[in-house]
Amino acid sequence: ANCITVILLTFQTNILTELKNWELNLIQQHKLQMRQEKEKHDMQVKQLQNEMENLKELLHTYEISISRKDEVVITNLTQALEKQKERVVLMRKFTLWRIQHVKAKQEEYAIRMADKHFQTALMKKVWAAWRSVSEEKWKDKVARACQLKAEDVCVQLTNDFEAKIAELTAALELTRSELLRLHTERDQYEDTMKKAFMRGVCALNLEAMTMFQSK
């Protein structure tokens, strides 16, 4: 159980670490994109400033042309100024659109991060519930396996004891038969010894009586 708990905690730690790395990568990408957008914006502002300087130079030239009363130059400068104004207006609209686009991306990123946080929290809850159910099922399975193993061991021990009792009973019966045989042989031997002793005594008595009678 401790091994499974360590594996589950390691798995959970790896998941959280992966999610954290993913979040850091998203943040780094967002920062990089913001930096790139800022560089583009600064470049555009610088370009607009250069164009404004050019416009100033054109205005200065225009003033010189007015002083010279050159109508052709005035007309050309006026057209150039109109074109520059239109370009400035377009650049300003484009810059405003880019700013709004960046803001929309920031809002989208914030929504995505909130959704990610919600999904992570939900995943943690689901993981905790699944782990709790899995641990309960695992405990029940281990308890049933232990019970079955204990029953098998008890049956095996009972069979072994019964076989041992039968073996000892057979040995006891054999020992009893051997003792009975030995008792029978001892009785027979004692009876034979008694008869031989009595025959010996009788023979001695007869021999003694014969000796006494011959004397």
Side-chain angles (χ1 to χ4, degrees), residues 1-32 108-215:
N2 291 330
C3 183
I4 293 176
T5 303
V6 170
I7 292 173
L8 291 175
L9 289 175
T10 304
F11 183 65
Q12 183 179 4
T13 303
N14 292 334
I15 291 176
L16 293 176
T17 303
E18 189 67 22
L19 291 174
K20 187 66 177 177
N21 292 333
W22 184 41
E23 181 180 0
L24 290 175
N25 289 332
L26 287 175
I27 292 174
Q28 291 295 330
Q29 292 178 0
H30 179 68
K31 288 182 178 179
L32 178 61
E108 182 182 356
Y109 176 76
I111 293 172
R112 189 165 60 247
M113 291 302 296
D115 183 67
K116 177 185 172 184
H117 179 71
F118 173 75
Q119 292 293 335
T120 303
L122 182 61
M123 187 184 297
K124 288 181 180 179
K125 290 181 180 180
V126 172
W127 172 257
W130 177 83
R131 186 177 64 181
S132 177
V133 173
S134 297
E135 287 179 354
E136 290 297 328
K137 290 182 178 179
W138 180 80
K139 289 180 181 178
D140 293 339
K141 186 176 180 180
V142 171
R144 285 197 299 270
C146 291
Q147 183 178 0
L148 292 175
K149 185 65 177 178
E151 291 177 356
D152 292 339
V153 171
C154 290
V155 171
Q156 186 63 36
L157 289 175
T158 302
N159 294 333
D160 292 342
F161 284 140
E162 290 178 354
K164 191 67 177 178
I165 290 171
E167 182 182 352
L168 293 175
T169 302
L172 180 60
E173 291 297 329
L174 183 62
T175 304
R176 285 178 180 175
S177 299
E178 186 68 20
L179 287 174
L180 182 60
R181 185 183 66 78
L182 291 174
H183 281 300
T184 302
E185 289 180 355
R186 187 188 66 179
D187 292 340
Q188 291 176 356
Y189 178 74
E190 289 179 352
D191 187 58
T192 301
M193 290 297 294
K194 286 180 182 180
K195 290 179 180 179
F197 180 74
M198 291 301 295
R199 283 196 301 270
V201 172
C202 290
L204 288 174
N205 289 334
L206 289 174
E207 187 176 355
M209 288 178 66
T210 301
M211 292 177 64
F212 286 134
Q213 288 176 0
S214 63
K215 286 182 179 182

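- Every residue meeting the side chain to side chain contact (heavy atoms under 4.5 Å, CB included) condition with Q29, not counting sequence neighbours, appears here in chain and number order: L26.
- Taking CG of N14 as the reference point, atom CG of L9 lies at 11.0 Å (rounded to 0.5 Å).
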Pair up each side-chain donor or acceptor in residues 142-158 with any protein partner under 3.5 Å, not counting sequence neighbours, and list the distances.
unit_1	atom_1	unit_2	atom_2	d
Q156	NE2	D160	OD1	3.2
T158	OG1	C154	O	2.7

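- Every residue meeting the side chain to side chain donor-acceptor pair (under 3.5 Å) condition with E185, not counting sequence neighbours, appears here in chain and number order: R181.
- Considering OG1 of T169 and CD of E162, their distance stands at 11.0 Å, rounded to 0.5 Å.
- Applying the side chain to side chain contact (heavy atoms under 4.5 Å, CB included) test between T13 and each of T10, T17, L16 identifies T17 as the sole match.
- For N21, the side chain to side chain donor-acceptor pair (under 3.5 Å) criterion is met by no residue, not counting sequence neighbours.
- A search for side chain to side chain donor-acceptor pair (under 3.5 Å) contacts involving K194 returns nothing, not counting sequence neighbours.
- A distance of 11.5 Å separates CG of L168 from CZ of F161, quoted to the nearest 0.5 Å.
- We find the CG-CG distance between L172 and L179 to be 9.5 Å, quoted to the nearest 0.5 Å.
- Listed by chain and residue number, nothing satisfies the side chain to side chain donor-acceptor pair (under 3.5 Å) test with Q188 (two or more places apart in sequence, or in another chain).
- The shortest side-chain heavy-atom distance between H30 and I27 does not fall under the 4.5 Å cut-off.
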